[in-house]
Chemist: 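I'd like to ask you about the structure that follows.
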Amino acid sequence: MVAHLVRLKLTLLRNGLRSSVWKVVGLVLTGLYALFLVAMCVAGLVVLGTQDDVELRRTVVVLAGSLLVVGWWLLPLVAFGVDSTLDPERFRLFALRRRHLLTGLSLAGLVGVPGVATVLLGGASALAWWREPVALVAGVVGGALGVLLCVVGSRAVTTLLAPFISGRRFREVAAVLAIVPLILLGPILLGVTAGLATVADVLPDIAVVVGWTPVGAPWALAADVGAGAWGAAAGKVGISLATLVVLVAVWDRALAASFVRSEGGTSASHSGLGFFDRVPATPTGAVVARCLTYWLRDPRYAASVAVVPVMVLLLWFLGRGGSGVLGAGVLVAFVMGWSLSADISYDHTAFWTHLAAPVDGRVDRTGRAVAGLLVGGVAVLATDLVVLGVSGRWDATAPLLGMSLGVLAAGVGLSSVYSARVVYPVPKPGDNPFSTPQGNSFAVMLTQSLGMLLLLVVCAPTVGLGIAALLTDVVLLDVLTLAVGVGTGVAAVVVGIRTGARVYDRRAPELLQSIRSFA
Amino acid sequence: MSAAPDPPALQITGLWKRFGEKIAVAGVDLTVPTGSFYGLVGPNGAGKTTTLSMATGLLRPDFGQVLVRGQDLWADPLRVKATLGVLPDGVRLFDRLTGAQLVTYSGLLRGLDRDTVRDRTADLLRTFDLADDADTLVVDYSAGMTKKVALACALVHAPRVLLLDEPFEAVDPVSAANIRDILSSYVAGGGTVVVSSHVMDLVQRMCDHVAVIAQGHVLAQGTTDEVRGSATLEDRFVELVGGRRTEGALSWLRTSSD
């Protein structure tokens with residue numbers, strides 16, 4: 001039974017790889033990257049093992065190990081739905097013993113790049129004591145306990161919280177909010193590093209304390225054995241085992257509960273026709289209304305809007321409160337303009353609605369572009385206003401508007417061509433907006449990079465002029481930036497919609513066919 | 001069929017489609033007379049959905065021609081699509097819209113004016129028993145409700161020809177009976193309906209014409225009475241398609257092991 005589940009996971013992995021060569025390449029590259037990181041860590045641990053400072057070794061291993069455990073426990077909540085291939089819900093109809101299911105799912109959790117890397121790291125953590133055989137053995141035991149904690153804890157947390165996080169609303173909101181700390185990772189790390197420098201002296205004390213907590217105990221085992229503190233070592237083993245028992249019990253109970261719980265969620269009501277009452281009653285107007293509704297209601301679109309305030313914050317932080325924050329509007333314009341390039345991919349097979357109706361490329365392209373320009377325009381103007389206010393550089397209004405609106409329009413124009421030509425796997429409607437869809441290939445990444453490169457080229461004159469205008473006081477440059485920005489923007493939108501419409505008319509059925517092949 | 005003065009509602013000739021190694025549709029010819037209620041039956045994977053996708057402009061055929069009331073669909077897609085009502089199977093809807101918004105969207109996309117769309121949307125939602133859920137997101141609908149709202153979208157522009165892929169799947173019996181009545185009166189009013197289904201009994205009672213498809217080929221077509229002869233449609237279907245196993249299959253299942 002246990003072997004079955006592991007084999008099932010391996011089969012799923014292999015069949016996934018069989019469908020595309022690019023996936024194999026992707027896995028190999030991810031594997032190599034992980035291997036590189038693991039090798040670096042192993043080398044670091046070996047070097048650490050040569051140090052005579054016991055306290056240093058304990059501090060590094062305990063803190064790093066605890067981070068690893070906490071990561072395993074918390075990441076699945078943020079990235080919910082990333083790996084649902086062995087979702088216990090899918091086994092509810094089989095007469096399986098829960099004990100077997102628990103063991104099988106734990107082991108299956110180790111199949112894959114993160115699992116293998118964790119096993120390697122857990123084992124390698126003992127290398128910090130490679131000169132002391134007894135502590136080395138204790139380190140291996142501790143590492144094994146630590147890896148078990150990672151896997152069992154991660155399953156327990158997801159299964160326990162599944163009823164809360166499987167509600168559509170919660171999942172959507174949480175997924176969008178989760179991106180905020182992720183984007184701010186840089187500043188947070190900077191802050192933490194700065195903070196660490198000041199608390200470096202107390203880090204060893206922290207490590208000692210963390211070593212007594214459930215997440216740190218297994219990693220502290222070797223240090224205690226190495227120091228000959230047998231009582232403390234026994235305590236660490238006790239804490240680790242007790243934690244494991246509690247986690248397994250929690251997981252078991254949650255799993256049992258999940259098997260008798262019915263599926264279902266809450267539904268929200270939205271009275272009236274919303275945007276459909278506020279647009280002209282034409283096919284193009286309908287497409288605009290539909291896209292606007294999706295920008296607000298679909299978390300995959302909402303996610304790109306949610307990025308806006310974060311970006312302002314990020315630039316303000318990086319610019320140390322100076323004029324660097326002025327770039328936020330342009331950055332937002334770039335992201336939102338280019339985000340339209342996934343529009344048909346986001347429709348997924350619902351795209352048939354356009355295909356079955358007598359809708360030509362001009363209607364489809366114009367509707368999507370207008371919606372993108374409206375939402376993007378509001379976001380860009382709001383950002384510009386905020387950053388102008390924050391920096392007090394009202395003199396920069398004209399070049400800033402020229403740059404941000406020009407970049408937005410250029411992005412929308414280019415996306416109008418790109419999304420009529422290329423569809424690629426994106427998170428499906430209802431999936432976590434930040435999950436990595438299966439089957440994304442290098443070919444797609446290549447076209448994406450080329451598209452963005454082209455966009456950069458189109459934007460270069462405007463942005464160049466704008467930067468010059470910001471750095472100097474020449475009024476002519478201000479006017480020129482505005483003129484060139486609006487000019488290239490309008491041209492890009494008009495040409496983009498025309499070209500995109502021609503491509504669409506020729507290839508729309510093929511787009512639907514390739515979307516269906518992703519499903 | 002005697003030579004009719006009007007071209008048939010739908011005429012498919014020599015339709016082929018290949019996906020990779022697999023030939024899904026291998027030379028399908030179908031003639032759907034105007035005003036007929038046409039059933040398309042076949043086992044799973046027979047090529048029904050692929051055929052209907054190519055007949056509605058959703059999937060480009062490798063070879064072959066689709067004529068809708070004498071007009072070549074793939075030569076002039078926009079003009080022909082305006083006369084078709086389509087319900088595909090196994091695809092998503094724009095399900096972040098409410099039921100009312102989704103039907104409105106379909107109507108507006110097909111160029112109806114605002115008042116017409118509003119009246120017809122209300123009519124359709126009431127008829128399909130969805131009026132109470134008009135303001136609920138389609139993503140929160142049950143499978144049967146989703147089918148019904150998709151059907152409402154196919155009807156909103158009063159098309160001349162309806163092509164429905166598995167319209168009764170997951171629909172409750174009362175709603176199914178209502179849908180049958182709607183479709184029958186639509187045919188009585190001169191419209192043409194093509195439905196695909198696994199349910200032979202339903203097709204035999206409902207459809208006046210039928211085609212049996214298996215492995216990408218048309219095995220039989222004509223009026224329902226012609227195709228089934230003296231047998232029931234189900235018996236005739238099994239006889240045509242084959243694959244019935246009676247002797248020795250799962251013999252161990254008879255001896256219960258308790």
Chemist: Under 4.5 Å between any side-chain heavy atoms of B:R110 and A:P358, yes or no?
Modeler: yes
Chemist: Name the region of A:L512, side chain, backbone, both or neither, that has any atom closer than 4.5 Å to a heavy atom of chain B.
Modeler: side chain
Chemist: Is the count of non-hydrogen atoms from other residues, nucleotides or ligands lying under 6.0 Å from B:Q215 atom CD greater than 12?
Modeler: no
Chemist: For the CG atom of A:L273 and the CG atom of B:L97, what is their distance to the nearest 0.5 Å?
Modeler: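 Spacing of CG (A:L273) from CG (B:L97) equals 10.0 Å.
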Chemist: Quick check: do B:L109 and A:R290 have side-chain heavy atoms less than 4.5 Å from each other?
Modeler: no
Chemist: Got a second to check how far A:T349's OG1 is from B:L93's CG, nearest 0.5 Å?
Modeler: 8.5 Å
Chemist: Has A:R507 got more than 12 heavy atoms of other residues, nucleotides or ligands less than 6.0 Å from its CZ?
Modeler: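 It does: A:R507 CZ has more than 12 such atoms within range.
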Chemist: Considering all heavy atoms of both residues, which atom of A:T293 and which atom of B:Q101 are nearest to each other, and what is their separation?
Modeler: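 Taking A:T293 first and B:Q101 second, the nearest heavy atoms are CG2-OE1, 4.3 Å.
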Chemist: Under 6.0 Å from the CZ atom of B:R60, do we count more than 12 heavy atoms belonging to anything else shown?
Modeler: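 Enclosed: over 12 neighbouring heavy atoms sit under 6.0 Å from CZ of B:R60.
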Chemist: Kindly compute the distance separating CZ (B:R92) from CH2 (A:W352), expressed to the nearest 0.5 Å.
Modeler: 14.0 Å
Chemist: Checking heavy atoms, do the side chain of B:F19, its backbone, both or neither come under 4.5 Å from chain A?
Modeler: side chain
Chemist: Tell me if a side-chain donor or acceptor on A:R297 pairs with a main-chain N or O of B:R96 at a distance below 3.5 Å.
Modeler: yes
Chemist: Chain A heavy atoms under 4.5 Å from B:L112: which part of the residue, side chain, backbone, both or neither?
Modeler: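 For B:L112, backbone heavy atoms alone lie under 4.5 Å from chain A.
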Chemist: Measure up the A:H354 and B:F94 rings against each other and bin them: parallel (under 30°), tilted (30 to 60°), perpendicular (over 60°).
Modeler: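 Correct class here is tilted.
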Chemist: Donor-acceptor check, side chain of B:Y105 to backbone of A:V287, threshold 3.5 angstrom: yes or no?
Modeler: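 Side chain of B:Y105 to backbone of A:V287, a donor-acceptor pair under 3.5 Å: no, none is there.
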Chemist: Would a 4.5 Å heavy-atom cut-off, applied to side chains only, mark B:V91 and A:F351 as touching?
Modeler: no
Chemist: Over all heavy atoms of both residues, which pair between B:G57 and A:P509 is shortest? Give the atoms and the distance, please.
Modeler: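 What the structure gives for the nearest pair is O-CG, 4.3 Å.
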Chemist: So for B:S53, is it side chain, backbone, both, or neither that comes closer than 4.5 Å to the heavy atoms of chain A?
Modeler: side chain
Chemist: With side chains defined as the heavy atoms from C-beta onward, is the minimum distance between B:R114 and A:P280 less than 4.5 Å?
Modeler: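 Heavy-atom side-chain distance check fails, nothing below 4.5 Å.
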Chemist: Just how far is it from atom CD of A:E510 to atom CG of B:L59, taken to the nearest 0.5 Å?
Modeler: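 Result: 8.5 Å between the selected atoms.
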Chemist: Less than 4.5 Å to any heavy atom of chain A: does that hold for the side chain of B:D133, its backbone, both, or neither?
Modeler: neither
Chemist: Does a side-chain heavy-atom distance below 4.5 Å link A:F276 with B:V117?
Modeler: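 No, side chains not in contact.
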Chemist: Under 4.5 Å from any heavy atom of chain B, what part of A:T282 do you find: side chain, backbone, both or neither?
Modeler: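 Answer is backbone: N, CA, C or O of A:T282 sit under 4.5 Å from chain B.
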